[in-house]
Each structure stands twice: as structure tokens, then as C-alpha cells.
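Scroll down for the structure; my scribbles are underneath it.
Owing to the predicted nature of the structure, the values given are computational and were not obtained by experimental measurement. Worth knowing before you read on, the calculation uses all heavy atoms, side chains too, and leaves out hydrogens, waters and symmetry mates.
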Amino acid sequence: MKAKTNYLALTFFTALLIFILHSLRSIKIENRQDLVISENIEKANYYKNTNETCNKVFTLEEISEISKYSVVELNTMQGNGSAFVIKHDKNSTYLITNSHVVEKNSKVNLKWTDGTENIAEVVYNGRNTNIFNDLALLKLPLKKGNPLKLELNKISVGRDVVAIGSPKGLGFTITRGIISAIRNDGKLIQTDAAINQGNSGGPLLDKSGCVIGINSFIFKETEGLNFAIASSLAENFFKEYKNSPKRTKLPKSIHDKNSVRNNIYSKKVFPETNNEDLKSLKKSDFKKKSCKSDLNVPDSFSEYLDYLNILKAEFKNINTEDKASEYLDISCALINSRWLTFDSSIQLKRAQSSIFLDDKKTAFETLNNIINNSKLDRDKGEAYFLRGNIQFKLNNIKNACNDWKKSNSFGKLDAEDKYNKFCSF
């Protein structure tokens with residue numbers, strides 16, 4: 001009888017202990033996220049004080065801890081990339097990433113290493129006007145994360161570095177390498193640290209835990225040719241925003257191209273169409289011509305935008321004479337409209353169409369116009385590159401080399417290959 005009583009008591013005690021442990025576990029699970037956030041904030045504050053300068057040397061494990069609550073996975077409807085915290089200002093947090101990661105989005109989703117998520121606003125976008133301006137600034141209306149310090153001093157080839165990001169959506173991935181070269185007067189950093197799709201916008205750090213670059217692009221079908229935008233450009237980009245804060249407007253979505261195109265041709269934009277539908281146009285209707293003052297042009301601003309949308313949306317690879325002539329006609333109509341002041345992208349498409357049609361004179365004049373008037377380094381670099389190609393075909397090697405050299409200075413990397421191949425004399 002006594003043994004039975006002891007057995008019942010033991011069973012009751014065991015059941016009570018299991019119930020208590022289960023209750024404690026439930027409480028722990030419910031508060032787990034808050035505990036993780038609290039722990040990360042403590043680490044953030046600790047490393048904020050630890051990493052005040054870029055003179056210290058940390059182990060890879062310490063760099064991982066320094067940046068763990070700094071680098072985030074960035075997601076949009078179009079894909080994913082990375083971003084990292086650079087500043088706390090009042091009650092706001094600023095992060096930096098690549099322009100090509102945020103694309104035209106005004107808001108993006110951020111996922112932190114503790115599993116929490118936030119919606120950040122794109123407050124400043126470089127619009128990727130050239131490879132050096134492929135930057136975008138994000139803002140959170142609260143303080144969060146650990147700002148990483150930007151290294152602004154001169155860096156040297158051979159320095160050990162780590163790239164951090166979210167390749168293929170695999171959050172907080174670290175790869176190690178060295179600085180392989182410094183390109184374009186220190187604006188680009190070449191590294192062999194592995195960078196994959198999703199790494200764009202993440203930091204490239206040295207052993208001090210400071211950011212020396214923003215991982216931006218790779219050369220396809222190569223190994224170890226990876227590039228980051230120098231942190232000094234990111235610092236200047238942030239200062240531009242602070243000195244003149246603004247949010248660039250997002251382009252309007254492209255309308256239905258077929259209906260717009262039919263509308264364009266039905267309104268006699270081009271003299272040869274004679275109000276015919278696009279489907280009935282013949283090759284003979286498209287002819288090389290320079291822009292004329294009496295050319296029929298858009299008679300409303302909405303029509304002007306429709307023409308512009310067609311030209312920018314469809315103009316990729318010119319592979320037929322018909323297409324080249326059509327784009328040349330559209331560019332003529334736009335250039336002669338009363339709304340256009342100067343748009344180097346339209347001029348560039350006109351030049352490329354002329355090159356395809358072997359109209360070197362028109363192409364050369366148009367490229368000179370871009371070089372003299374464009375404010376976009378990307379378009380100037382392309383114009384110098386194309387003009388150099390024309391000079392080379394005309395056997396003006398010295399002039400071609402000068403153009404390719406200038407093109408490279410504006411960020412056209414293909415121009416460097418041309419220069420090295422044909423101008424080593």
C-alpha cells in the first residue's frame with residue numbers, strides 16, 4: 001500500500017514538472033523574437049563603440065558579429081539583393097544599396113538576420129546613370145541595426161576583404177578574397193571575393209570591419225572578376241542627399257505599345273506612312289533621312305510621351321534595316337517636338353540607328369552633340385566609344401584611341417579593352 005502511494009506521488013510530481021516545463025517553453029517561444037532583437041541591439045551598441053575607427057584588425061568571426069545586424073536582404077517584386085546600414089540620424093536609419101536592385105520601386109522590403117522585416121522608403125536614387133552612380137539610399141522611420149563605417153582613405157591592392165550579402169536569397173552569406181585591382185582612379189574596386197546574384201548592394205569590408213566598397217557587378221562568363229563601387233562615392237552620394245534631400249519621380253508605366261504605335265502612325269507622324277496602319281507599311285516607306293524642320297511631330301505632350309515610351313522600351317538590338325529606319329524616324333519626331341530640350345538617350349538611339357544604316361555622317365554629328373551637351377556620364381561614355389569605333393573604321397587610329405580612352409574615363413569598361421588591344425604603341 002505504501003509503495004502504491006509513493007508511485008502515485010511520483011507520477012503526480014512528474015506530471016506537474018512536465019506541465020511547468022511546457023509552460024516555461026511556451027513563454028520562451030512567445031518572447032523569443034523580443035529576446036533576439038534585444039540581444040542584437042546590445043551587440044549593435046557594443047560594436048558601435050568598438051568599431052569607431054578603421055585602424056583596428058578583427059578576425060573573420062568578429063567581422064561577422066560586427067556586420068550581422070548591419071547587412072539585410074532586400075526584396076522587391078522583381079527580385080532580391082542586399083543593403084546595409086550606414087547612418088542613424090535622429091530617429092531614422094539610412095541604408096545604402098544599388099540602384100539596379102531597387103529599380104523603379106519607391107518602397108522595398110528589408111529582412112534582418114533575426115527574422116524581423118521592415119518596409120523601407122527609397123529616398124534617393126542615382127538611377128544608374130553610369131556604373132559609378134549605381135546607388136540608392138533607403139530610409140527607415142526608426143533606429144535599427146548597426147551602422148558600418150565607410151573607409152575613405154586610400155586602399156591598396158592585395159588587401160584581404162570579405163563580401164557579405166544574400167546571393168540567391170541566402171541571407172547573410174560571407175565570402176573571402178583580396179583586392180585584385182583599383183580601377184578608374186579609385187572609383188571601382190576589383191576583387192576575387194565571390195559575388196553572385198543577390199550580393200548586389202551588400203558591403204565589401206576589410207579586416208577593420210569598415211566598408212571599402214558596395215558590391216555591384218561581375219563580368220559574366222569569367223571567374224574572379226567582381227567589382228564594387230568605392231565607399232568614397234557612397235559617402236558623397238549620402239552627402240548629396242543630405243545637402244539637397246529629394247526623391248526622384250518614378251517613370252510612368254509603359255502603355256500598351258501596339259495601340260500606341262497604331263495611334264502614332266495613324267496621325268501621320270511620318271510623311272511616308274500616308275495615314276496607313278503599321279501592318280501595311282512597306283520597306284520603301286522607311287528611308288534614311290536627317291531630321292527636317294517640316295517633319296510631322298507629336299501635337300500633344302501625351303503623344304510625345306507615347307513616342308518616347310516606344311523608343312525606350314523597344315530599342316535594344318537593332319537587327320534589321322526596317323527597325324533602324326523606324327527608330328531613326330521616331331527619334332526625328334521627338335527631337336523636333338516643342339517639348340524636347342535635350343535628351344541624350346534619344347540622341348544615342350538616333351546615332352546607333354545611323355551606324356546600323358552606315359550613315360557615318362549623321363552618326364558622327366549626333367555623337368558630337370551628345371558629347372558636347374549630355375550631362376550623363378553613361379551616355380557620354382557610350383558616345384565616345386561609338387565615335388571611336390567609327391574613327392577606327394575610317395583608319396583614324398589616333399583619334400579612335402583618344403575617344404576610347406575618354407570613354408573609359410566615363411565608365412565604359414569595353415573601351416578599356418579596345419584601347420589595350422589596338423592602342424598599345
Side-chain angles (χ1 to χ4, degrees), residues 33 36-37 39-40 43-44 47 51 57-86 93 95-103 108-118 120 134-136 138 144-151 159-180 188-231 234:
Q33 190 175 29
V36 171
I37 293 173
E39 179 186 354
N40 278 311
K43 286 183 179 180
Y47 283 112
N51 192 33
V57 175
F58 295 100
T59 64
L60 288 178
E61 291 84 355
E62 288 172 328
I63 290 175
S64 175
E65 288 298 326
I66 288 173
S67 55
K68 196 176 225 179
Y69 202 51
S70 304
V71 185
V72 299
E73 180 183 336
L74 188 158
N75 292 289
T76 68
M77 292 296 290
Q78 291 77 32
N80 79 291
S82 306
F84 61 95
V85 181
I86 61 167
T93 300
L95 304 93
I96 203 157
T97 185
N98 284 136
S99 175
H100 77 260
V101 172
V102 301
E103 293 190 346
V108 295
N109 176 269
L110 305 181
K111 186 175 182 179
W112 302 76
T113 51
D114 61 14
T116 59
E117 297 185 22
N118 295 100
D134 184 12
L135 298 170
L138 315 176
K144 191 170 184 177
N146 173 30
L148 294 177
K149 188 173 180 61
L150 301 178
E151 171 63 89
R159 183 182 297 188
D160 290 328
V161 292
V162 293
I164 304 179
S166 304
K168 301 294 184 180
L170 300 174
F172 202 77
T173 298
I174 298 179
T175 56
R176 181 170 60 177
I178 63 168
I179 297 177
S180 305
L188 287 180
I189 299 169
Q190 181 182 330
T191 178
D192 65 350
I195 296 176
N196 298 288
Q197 183 180 353
N199 273 110
S200 292
L204 184 69
L205 305 100
D206 63 9
K207 284 190 173 181
S208 70
C210 292
V211 179
I212 62 172
I214 295 85
N215 302 319
S216 298
F217 66 96
I218 64 175
F219 274 175
K220 292 182 179 180
E221 299 178 359
T222 63
E223 185 175 349
L225 289 178
N226 311 311
F227 294 86
I229 298 172
S231 55

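The structure places CG of Leu74 at 7.5 Å from CG of Asn109, a figure rounded to the nearest 0.5 Å. Interatomic distance, CZ of Phe84 versus CG of Leu204, reported as 9.5 Å (0.5 Å rounding). Interatomic distance, Ser64 OG to Phe58 CZ, rounded to the nearest 0.5 Å: 13.0 Å. To the nearest 0.5 Å, the span separating CG on Asp160 from CD1 on Ile179 amounts to 9.0 Å. Here the CD1 atom belonging to Ile174 is positioned 8.0 Å from the CD1 atom belonging to Ile63, to the nearest 0.5 angstrom. The CG atom of Leu135 sits 10.5 Å away from atom NE2 of His100, with the distance rounded to the nearest 0.5 Å.
Of all the heavy atoms in Ala193 and Gly177, the pair that sits closest is CB-N, 3.8 Å. The shortest heavy-atom contact between Gly209 and Ile66 is O-CG2, 4.5 Å.
Side chains of Ile214 and Asn98 form a contact here, defined as non-hydrogen atoms less than 4.5 Å apart. At a threshold of 4.5 Å between non-hydrogen side-chain atoms, the residues Leu110 and Leu138 count as touching. With contacts defined as side-chain heavy-atom distances shorter than 4.5 Å, the pair Ile229/Asp134 qualifies. Residues Val161 and Ile189 fail the side-chain proximity criterion, which asks for heavy atoms closer than 4.5 Å. Using a 4.5 Å heavy-atom cutoff, the side chains of Ser82 and Asn215 are not in contact.
Ser166 pairs with exactly one of Asn75, Val72, Asn80, Val71 by the side-chain contact (heavy atoms from CB on, under 4.5 Å) rule, that one being Asn80. Checked options Ile86, Leu205, Asp206; the residue passing with Val211 is Leu205 (criterion: side-chain contact (heavy atoms from CB on, under 4.5 Å)).
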Verdict with reasoning, Leu60 to Arg176, per side-chain contact (heavy atoms from CB on, under 4.5 Å):
CA-CA 9 Å; Leu60 288 178; Arg176 181 170 60 177; 3.2 Å; yes

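Proximity of a side-chain donor or acceptor of Thr175 to a complementary backbone N or O of Ala194 within less than 3.5 Å is detected. Side-chain N or O atoms of Thr191 include one that pairs as donor or acceptor with a backbone N or O of Ile178 at under 3.5 Å. For Ser70 (side chain) and Asn146 (main-chain N/O), a donor-acceptor pair under 3.5 Å exists by modelled atom type. In this structure, Ser200 contributes its side chain and Val101 its backbone to no donor-acceptor pair below 3.5 Å.
Applying the 6.0 Å contact sphere to CZ of Arg159 captures more than 12 heavy atoms from other residues, nucleotides or ligands.
The side-chain hydrogen bond (donor to acceptor under 3.5 Å, both in side chains) search around Asn118 returns Trp112, Lys144, not counting sequence neighbours.
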